[in-house]
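Single-structure report; data block below.
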Number of protein chains: 2
Amino acid sequence: MKKLLTGTEKLCRLWSKRFDPSLALVLRAVGGEELDFRCEMELVLERFDPMQATIKDVARRAGVSVSTVSLVINNSGPVSPETRQKVLRAIEELGYHPRRFARSLASKRTGNIGFILTSDHFSRAEPFYTKIFLGSEFEARNYDYYILLTTVEKRGKNAGQLPRFLLERNVDGVIFAGYVPVPLVERVYELGVPFVLVDFLVKDRPFSCIVMDNDQAVRRAVGHLVAEHGHRRIAFVAGEIGHPSIRARLEGYRKGLEDFGIPRDPRLERTEEPHCSMDGGYRATRRMLEEKLEFTAVVTANDATAFGVMRALKEAGLRIPEDVAVVGFDDIDAASQVDPTLTTLRVPKEEMGALALRRLVEVIERPGLAFERTVVPTELVLRESCCGRARAPKLMDLTKEKIILPEGGDVDNTQA
Amino acid sequence: MKKLLTGTEKLCRLWSKRFDPSLALVLRAVGGEELDFRCEMELVLERFDPMQATIKDVARRAGVSVSTVSLVINNSGPVSPETRQKVLRAIEELGYHPRRFARSLASKRTGNIGFILTSDHFSRAEPFYTKIFLGSEFEARNYDYYILLTTVEKRGKNAGQLPRFLLERNVDGVIFAGYVPVPLVERVYELGVPFVLVDFLVKDRPFSCIVMDNDQAVRRAVGHLVAEHGHRRIAFVAGEIGHPSIRARLEGYRKGLEDFGIPRDPRLERTEEPHCSMDGGYRATRRMLEEKLEFTAVVTANDATAFGVMRALKEAGLRIPEDVAVVGFDDIDAASQVDPTLTTLRVPKEEMGALALRRLVEVIERPGLAFERTVVPTELVLRESCCGRARAPKLMDLTKEKIILPEGGDVDNTQA
DNA sequence: ATGAAAGCGCTAACAG
DNA sequence: CTGTTAGCGCTTTCAT
């Protein structure tokens with residue numbers, strides 16, 4: 001049985017909720033008679049309320065209904081210019097901002113995007129994925145989205161488990177960065193939640209993704225080593241060969257050799273390490289040296305690996321690049337800070353993150369959009385580790401770093 | 001005038017909302033007679049609904065009211081063990097998860113925390129603040145919070161402007177990382193939104209913050225250079241002297257010299273560069289060399305600066321550390337990857353981020369908690385750039401890096 | 001210990 | 001073009 005509240009009672013509740021419960025008690029004591037001061041009180045509240053204005057306040061002040069205000073806010077419907085002006089002014093005067101969660105509840109859209117990567121990538125805090133994340137984050141603002149980042153286990157019991165924000169329906173879409181568990185991707189797909197992969201793709205599945213031209217990139221690097229520097233004995237060092245990108249890089253290395261009719265030497269393909277890390281590069285190189293293999297250049301699966309390679313070479317008393325040239329992949333910050341500076345394939349990390357975000361927003365806003373694969377080009381950045389100190393640009397001329405773009409030949413300068 | 005909806009009408013709406021509007025039309029055509037299939041239909045929905053179960057579904061299935069379910073979920077109220085079991089089972093069976101935004105609307109708590117740093121720090125993507133962020137992010141999960149990251153302008157028209165998530169009331173508290181505009185901090189303070197500063201503090205304000213023992217750290221480093229290696233001519237290179245942390249490091253440098261009665265030489269205090277960057281370090285060092293200043297060691301304000309210093313020294317044909325020793329600050333990843341590896345002061349970045357998160361959650365959950373300043377200790381990590389290759393640990397023994405802890409030294413590490 | 005009911009602030013369908 | 005109204009899914013008195 002619904003009990004009608006008296007004016008005073010309502011008021012008490014209001015105060016008790018929005019201010020201090022003790023004030024409500026005072027009011028209760030004072031308000032012996034039942035008056036409907038609702039309206040006056042709301043005006044009072046408007047002036048003293050420590051809480052932000054609501055859509056109701058705006059409506060009252062503008063002398064229109066809440067729906068009209070909503071239409072104005074969302075630009076979703078015809079509103080006469082005068083009314084719009086009134087509403088806009090009220091919003092301005094009250095400093096009104098719609099609350100995110102209230103909109104979410106009513107509209108089923110959260111304005112959040114989930115960013116998922118493996119704890120592996122996270123805990124090793126690889127600058128590579130950090131950059132991608134930052135790229136997405138930055139772009140997200142342009143579309144008025146927030147990004148919620150989380151990590152998942154690559155394997156083990158929790159591997160297929162949905163992140164919290166999906167269970168709580170707290171995101172409108174998801175970006176997967178790097179090598180995530182395929183079952184997880186499939187589950188998200190089944191849930192019907194829009195998603196995009198970055199630097200990853202699922203075999204035999206046409207999911208939307210943003211990847212680099214991994215194989216062509218390495219192929220180009222090998223081409224440079226052979227054509228410009230006359231290398232013939234070129235090694236390839238990588239780990240984590242399960243990652244599609246890494247595998248593609250190996251393929252690119254092979255194609256590169258093939259382009260020049262150089263026979264493959266399996267002993268120079270070092271993919272035995274579990275990770276593409278500095279440690280992995282170091283150990284693999286030590287082993288090659290111990291096996292007395294001949295090589296004058298090393299192409300690696302990423303910059304971290306290259307650092308390990310360089311370290312091992314130096315410890316063995318070999319000069320870089322005079323005795324052995326080294327090429328990395330990614331162009332992380334440290335690549336231009338090590339000595340000698342590292343020739344590497346620059347991946348447009350932030351740009352990839354931004355691209356992923358844009359594509360995801362598209363899908364969110366136009367459900368049923370077809371999957372699409374985007375391949376972004378990398379650039380070969382020539383530095384000391386393959387060209388030598390004399391020929392490579394000096395530190396302070398970063399803008400003049402020589403860069404070989406995928407499209408053209410030896411295009412000079414221009415840093416992206 | 002409220003119009004009562006018939007059973008069919010209700011059903012149509014339901015379907016139209018939760019499924020496909022076209023289905024609703026079909027139903028409308030079929031349901032000529034007015035039946036109240038509400039109950040049956042809800043059971044049907046329960047089985048086929050692509051949407052997640054709601055608290056109502058749980059209540060119905062458990063045969064209790066929604067309030068009881070709420071009590072169970074939040075552990076906020078007395079519920080008989082049997083009822084609790086029933087509810088828990090229903091939740092389990094339905095795979096129910098409360099929606100974040102619905103809770104927010106009802107409870108006024110969002111479960112989000114804002115993370116604010118300047119676009120400066122962001123766009124230069126300094127690994128330092130990235131690590132702090134990751135530390136907070138990781139810890140946030142333990143407390144069931146999400147982190148929303150955003151950047152603000154350090155200066156200019158937008159400098160004092162509130163980030164979106166504050167306007168939209170989309171966070172329960174805020175973490176400020178690094179040097180943010182003081183007016184912004186003050187505004188957040190006035191808004192009554194809980195906040196914590198990391199690696200920053202506002203002069204003459206007792207705001208809660210997590211900072212390192214900047215001055216003591218550098219003092220210890222100087223002490224090491226003097227006591228262990230006999231240096232007397234020690235330079236200090238930094239930029240961005242407005243940042244409290246950087247200023248404190250300069251103070252530490254001065255104290256360090258004082259400890260050994262070494263007179264200060266203003267020409268060896270290079271703080272003219274705008275930023276603590278590789279470029280800044282490089283240029284400052286070039287200038288010192290051009291001015292023919294004598295120095296056998298350089299203490300820098302951060303690792304990036306140190307890299308620039310090393311580069312300039314090498315270009316000048318000086319050996320590190322034989323001719324000049326170098327000490328950094330932060331211990332970013334690259335510090336152990338450069339050649340020679342960099343002696344530096346390790347800042348527990350992730351730990352600081354986590355600490356900030358914990359402190360913030362405390363404040364959020366117990367409003368009115370007093371401000372508190374936390375000083376975390378740094379460690380002096382000895383590597384090749386001051387000890388030389390022979391004495392410093394080899395690459396692969398990272399765990400055996402020699403570390404001097406603040407406690408172990410002869411210095412007092414309390415900071416006001 | 002449990003349930004009924006009143007919101008939280010907003011959107012969107014629908015009626016005028 | 002504008003207003004009325006019914007929710008969205010949950011929390012939180014308050015009464016029982």
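Chain letters run A, B, ... following the sequence lines, proteins first and then strands; every chain starts at 1.
Contacts between residues 64-74 of chain B and DNA chain D, defined by a heavy-atom separation under 4.0 Å, are made by Ser67(B), Ser70(B), Asn74(B).
Residue Ser80(B) places at least one side-chain N or O under 4.0 Å from the OP1 or OP2 atom of dT2(C). Within the 4.0 Å cut-off from OP1 or OP2 of dT2(D), at least one side-chain nitrogen or oxygen of Thr83(A) is found. Of the side-chain N and O atoms in Arg99(B), one or more sit less than 4.0 angstrom from OP1 or OP2 of dC10(D). In this model, the phosphate group of dG9(D) is approached by a side-chain N or O of Lys108(A) to a distance below 4.0 Å at OP1 or OP2.
Listed candidates were dG9(D), dT2(C), dT2(D). Nearest to the side chain of Val79(B) is dT2(C). The side chain of Ala102(B) sits closest to dC10(D) out of dC10(D), dA12(C), dG7(D).
When heavy atoms are screened at a 4.0 angstrom cut-off, Pro78(B) is found touching base atoms of the nucleic acid.
Separating the CZ atom of Arg60(A) from the C1' atom of dG9(C) is a distance of 14 Å, rounded to the nearest angstrom. Atom C1' of nucleotide dC10(D) and atom CZ of Phe101(B) are separated by 11 Å, given to the nearest angstrom. Rounded to whole angstrom, the span from the CZ atom of Arg109(B) across to the P atom of dG9(D) amounts to 21 Å. Atoms CD1 (Ile55(B)) and P (dA4(C)) sit 14 Å apart, rounded to a whole Å. Taking atom CD of Gln85(B) as the reference point, atom P of dA1(C) lies 16 Å away to the nearest angstrom. Rounded to an integer number of Å, the gap from CG of Asp57(B) to C1' of dC10(D) is 13 Å. Atom P of nucleotide dT12(D) and atom CG of Asn75(B) are separated by 13 Å, given to the nearest angstrom. The separation between Leu105(A) atom CG and dT11(D) atom C1' is 12 Å, rounded to whole Å.
In the helix from dA1(C)-dT16(D) to dG16(C)-dC1(D), the rotation axis of the first five pairs and that of the last five pairs differ in direction by 40°, rounded to 10 degrees.
Shown here for Ile55(A) and Ser70(A), the closest heavy-atom pair between the two residues is CD1-N, 3.9 Å. Smallest separation of non-hydrogen atoms from Leu117(A) and Ala177(A): CB-O, 3.6 Å.
Counting heavy atoms from C-beta on, the side chains of Tyr145(A) and Thr110(A) never come closer than 4.5 Å. Using a 4.5 Å heavy-atom threshold, the side chains of Asp172(A) and Pro194(A) count as separate. Side-chain atoms of Arg164(B) and His97(A), non-hydrogen and from C-beta on, never get closer than 4.5 Å to each other.
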Quiz: residues 77-92 of chain B side-chain donor-acceptor pairs under 3.5 angstrom, not counting sequence neighbours:
{"residue": "Ser80(B)", "atom": "OG", "partner": "Thr83(B)", "partner atom": "N", "Å": "3.3"}
{"residue": "Ser80(B)", "atom": "OG", "partner": "Thr83(B)", "partner atom": "OG1", "Å": "2.6"}

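The side chain to side chain contact (heavy atoms under 4.5 Å, CB included) search around Leu162(B) returns Leu166(B), Leu167(B), Leu184(B), Arg187(B), Val188(B), Leu191(B), not counting sequence neighbours. Considering only residues two or more places apart in sequence or on other chains, Leu148(B) meets the side chain to side chain contact (heavy atoms under 4.5 Å, CB included) condition with Tyr146(A), Leu148(A), Asn112(B), Phe165(B), Asn170(B), Val171(B).
For residues 361-372 of chain B, the salt bridge (charged side-chain N to carboxylate O under 4.0 Å, His left out) pairs, not counting sequence neighbours, are Arg359(B)-Glu372(B).
Mapped onto DNA chain D by nearest heavy atom, Glu82(A) and Ser76(B) fall at different nucleotides, with Glu82(A) at the one closer to the 5' end. For the pair Ala106(B) and Gly77(B), both in contact range of DNA chain C, the more 5′-proximal nearest nucleotide belongs to Gly77(B).
Aromatic ring orientation, Phe207(B) versus Tyr189(B): tilted (interplanar angle from 30° to 60°).
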